[in-house]
Amino acid sequence: MPLDPALRDRILASVEAGFAEQTAFTQEMIRFPSTRGDEHTVQDFVFRALKQRGFTMDRFAMDREAIANHPGGAPFSETHSEAPIVVGIHHPREEKGRSLILQSHVDVVPTGPAELWTHPPFDPVIEGDWLYGRGGADMKAGGAANLFCLDALRRIGLQPAATVYVQSVVEEESTGNGALMTHLRGYEADAVLIPEPEEEMLVRANTGVLWFQFEVRGVPMHVREMAAGANAIDAAYRVIGALRELEAALNREKHGRKHFEDIAHPINLNIGKIEGGDWASSVPCWCRVDCRIGLYPGMSAEELGKRIEAKVLAFARSDSFLSNNPPKVVFNGFWSEGYVLEPGSEAEAVLGNAHKASTGKALKSFMTPGYLDTRVYALYDKVPALCYGPISQNIHAFDERVSLASLKRITGTMALFVAEWCGVEAIEG
């Protein structure tokens, strides 16, 4: 049943009352430079915050074998994080409502050159409506909102009348194995809400993602005899050209795919990192390139992986040097499929009601061509997996920032959603 208007207003007023504390908490999270592999301290911070609120706590490591045996598990590389996953569990006095997972990730992408930021990347400066800092938008603001939407209920003497799991994971930016591990651990609920920075809209569909790396070996020579050698970096650029052909072919396949056919370029190949050679005056004998590419819902990671390998091999056969020195392709990260959130679920209707009450606007949905942890719950738990969060700018770029006004609105939405989806009960005592 829709929330009583008086209760709705009390909840939104409580969000307002706690927002200064929420902002300060978000700033504290941003101060942790939690790039891949360095998330231990911020996870300790989240663990303490949940424990202080009375949650039953669980902290656990990745099960490499279990992940490897799951079709959605990504390969482990030497840079895979070993930071723990943290889950706080709220148990109601009486289970009356529907259970819920609130999830966020604490890992953040590298900052790039710090001098290109207006403020130091892990200094959470507020200017006007914007809170700056690497990972603030993507997605520590959402992680804080997971706690503070529940705090808003607690402040007025209420708590969810159903089990709620607050999950803080790692590896969202690299493999998705953190979210998958919560699934393998056995955490399930009737719905999932992940407050990624999605411009106050609901993600209707999103692409899967593959990470791969290819390496080319050349023939080193002094540059005075360059013609007798083979430049691995030049050869790598030729391979990239062939991969661009695969990218173009995948984008032509958008026709007939709902949510994707009206997007100009739904599948993106990113050449994310390149390194090679040993000396400016030597013909380089090696080059290694890290790539990321998207895939449509319904297309398996294995299928696209085979197409990538076949494209590289076919091109190598046509190249006078590479035909005898084929590049080596390694899949070293994301191995995830896309998903579509079918409309019509009661969870979406409840979120729509909450969004309208908090923002005054109807909830819109859209397709986003990037990885989202909601794929785990949509594909493997087959429950409504709602990805919805604040307005942001420059995620994965310099001067990443999140709108505080928007963050307050979506926190209000989340608190109202929890109250209606889970129901509420008085806090005992």
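All values reported here derive from a predicted model rather than from experimental measurement.
Looking at Thr374 and Tyr339, their side chains do bring a donor and an acceptor atom within 3.5 Å of each other. Remark: the Arg155 side chain and the Ser14 side chain contain an N/O donor-acceptor pair separated by less than 3.5 Å. Trp286 and Asp278 share a side-chain donor-acceptor pair at under 3.5 Å. Of the N and O atoms on the side chains of Glu39 and His105, not one donor lies less than 3.5 Å from an acceptor on the other residue. Using a 3.5 Å distance cut-off with no hydrogens or angles, the side chains of Ser77 and Asn332 do not pair a donor with an acceptor. Residues Gln103 and Asp373 have side chains that bring a donor and an acceptor to within less than 3.5 angstrom of each other. Counting only N and O atoms by type, the side chains of Ser406 and Glu200 include a donor and acceptor under 3.5 Å apart. For the residue pair Gln22 / Thr411, a side-chain donor-acceptor distance below 3.5 Å is found, with atom types taken as modelled. Gln167 and Ser104 share no side-chain donor-acceptor pair at under 3.5 Å. With no hydrogens or angles considered, no side-chain donor-acceptor pair links Asn177 and Glu171 at under 3.5 Å.
The nearest pair of heavy atoms linking Thr413 to Ser358 is OG1-CB, 3.3 Å. When all heavy atoms of Leu372 and Glu196 are compared, the closest pair comes out as CD2-CG, 3.9 Å. The shortest non-hydrogen separation linking Pro84 to Gln43 is O-NE2, 2.9 Å. Between Asn206 and Pro297, the shortest heavy-atom contact is O-CG, 3.6 Å. Smallest separation of non-hydrogen atoms from Val330 and Lys328: CG2-CE, 3.9 Å. Nearest heavy-atom pair across Thr35 and Val109 is CG2-O, 4.0 Å.
Here the side chain of Glu199 pairs a donor or acceptor atom with the backbone of Ser392 at under 3.5 angstrom. In terms of modelled atom types and a separation under 3.5 Å, the side chain of Asn251 and the main chain of Glu247 share a donor-acceptor contact. With hydrogens and angles disregarded, a donor-acceptor distance shorter than 3.5 Å links the side chain of Glu400 to the backbone of Ala137. Judged purely by atom type and a 3.5 angstrom limit, Arg375 uses its side chain to pair as donor or acceptor with the backbone of Gly72. At least one donor-acceptor pair under 3.5 Å links the side chain of Tyr296 to the backbone N or O of Lys254. A donor-acceptor pair is defined here as one N or O able to donate and one able to accept, closer than 3.5 Å; such a pair exists between the side chain of Thr359 and the backbone of Lys361.
The aromatic ring centroids of Phe45 and Phe25 lie less than 6.0 Å from each other. The distance between the ring centers of His355 and Phe417 does not fall below 6.0 angstrom.
Between Ile85 and Ser168, the closest side-chain pair of non-hydrogen atoms is not below 4.5 Å. Side chains of Leu193 and Ile101 form no contact here, defined as non-hydrogen atoms less than 4.5 Å apart. Within the 4.5 Å cutoff, the side chain of Met29 has no heavy atoms near those of the Thr26 side chain. Side-chain contact between Leu100 and Val418: present, with at least one pair of heavy atoms (C-beta onward) separated by less than 4.5 Å. In this structure, the side chains of Ile89 and Tyr187 come closer than 4.5 Å at one or more pairs of heavy atoms.
Taking a 6.0 Å sphere around CD of Glu302, one finds it holds 12 or fewer heavy atoms contributed by other residues, nucleotides or ligands. The number of heavy-atom neighbours closer than 6.0 Å to CD of Glu65, taken from other residues, nucleotides and ligands shown, is 12 or below. Counting non-hydrogen atoms of neighbouring residues, nucleotides and ligands closer than 6.0 angstrom, the OH atom of Tyr237 reaches no more than 12 such neighbours.
When the ring pair (Phe, Tyr, Trp, His ring centres under 6.0 Å) test is applied to Tyr371, the partners found at least two apart in sequence or on another chain are Phe334.
A salt bridge links Arg307 and Glu253; the closest N-O separation between the charged side-chain nitrogens and carboxylate oxygens is under 4.0 Å. Salt bridge Lys311/Glu245: present, at least one basic N to carboxylate O contact under 4.0 Å. Using a 4.0 Å cut-off between charged side-chain N and carboxylate O, Arg36 and Glu173 make no salt bridge. Ion pairing of Glu309 with Lys306 is absent here, as no side-chain N (NZ or NE/NH1/NH2) approaches a carboxylate O to less than 4.0 Å. A salt bridge does not link Asp107 to Lys140: none of the charged nitrogens lies less than 4.0 Å from a carboxylate oxygen. With salt bridges taken as basic N to acidic carboxylate O contacts below 4.0 Å, one links Arg288 and Glu215. At a threshold of 4.0 Å, the pair Asp58-Arg185 counts as salt-bridged, since one of the basic side-chain nitrogens sits closer than that to a carboxylate oxygen.
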Would Leu386 and Leu341 count as a side-chain contact (heavy atoms from CB on, under 4.5 Å) if you check the C-alpha gap in whole Å, the side-chain angles of each, and the deciding distance to 0.1 Å?
CA-CA 8 Å; Leu386 310 172; Leu341 174 69; 4.0 Å; yes
Let's go through Thr207 and Phe260 carefully: what are the C-alpha distance in whole Å and the side-chain angles of both, what is the deciding distance for side-chain contact (heavy atoms from CB on, under 4.5 Å) to 0.1 Å, and is it a yes or a no?
CA-CA 9 Å; Thr207 58; Phe260 295 87; 3.7 Å; yes
Derivation and outcome, side-chain contact (heavy atoms from CB on, under 4.5 Å), residues Met139 and Ile194:
CA-CA 10 Å; Met139 67 164 296; Ile194 301 182; 4.1 Å; yes
Checking Val289 against Ile271 for the side-chain contact (heavy atoms from CB on, under 4.5 Å) test, could you report, in this order, the C-alpha distance in whole Å, the side-chain angles of both residues, the deciding distance, and whether it holds?
CA-CA 7 Å; Val289 182; Ile271 308 303; 3.7 Å; yes
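Summarising the geometry, atom CG belonging to Asn231 is positioned 9.5 Å from atom CZ belonging to Phe321; distances are rounded to the nearest 0.5 Å. Taken to the nearest 0.5 Å, the CD atom of Gln213 stands 11.5 Å off from the CD1 atom of Ile274. Rounded to the nearest 0.5 angstrom, Leu250 CG and Ile267 CD1 are separated by 6.0 Å. Here the CG-CD1 distance, from Leu269 to Ile293, works out to 5.0 Å after rounding to the nearest 0.5 Å. Between Trp117 atom CH2 and Phe398 atom CZ the span is 8.0 Å, to the nearest 0.5 Å. Between the OG atom of Ser318 and the CZ atom of Arg238 there is a distance of 9.5 Å, given to the nearest 0.5 Å.
Using the six-membered ring where Trp is involved, His80 and Phe76 have ring planes that are parallel, under 30° apart on the 30 and 60° scheme. Ring geometry, Tyr380 versus His183: the interplanar angle falls from 30° to 60°, so the pair is classed tilted. Classification of the Phe212-Phe331 ring pair by plane angle, with boundaries at 30° and 60°, yields tilted.
Cation-pi geometry between Arg401 and Trp130 is met: the NZ or CZ atom falls under 6.0 Å from the ring centre, inside 45° of the normal. For Lys408 and Phe19, the positive end sits near the middle of the six-membered ring, less than 6.0 Å away and at most 45° from its axis. Relative to the six-membered ring of Phe122, Arg31 misses at least one condition, a distance below 6.0 Å or an angle of at most 45° to the axis.
Partner of Thr111 under the side-chain contact (heavy atoms from CB on, under 4.5 Å) criterion, chosen from Pro33, Pro120, Pro121: Pro121. Residue Arg204 forms a salt bridge (charged side-chain N to carboxylate O under 4.0 Å, His left out) with just one option from Glu342, Glu348, Glu198, and that option is Glu348.
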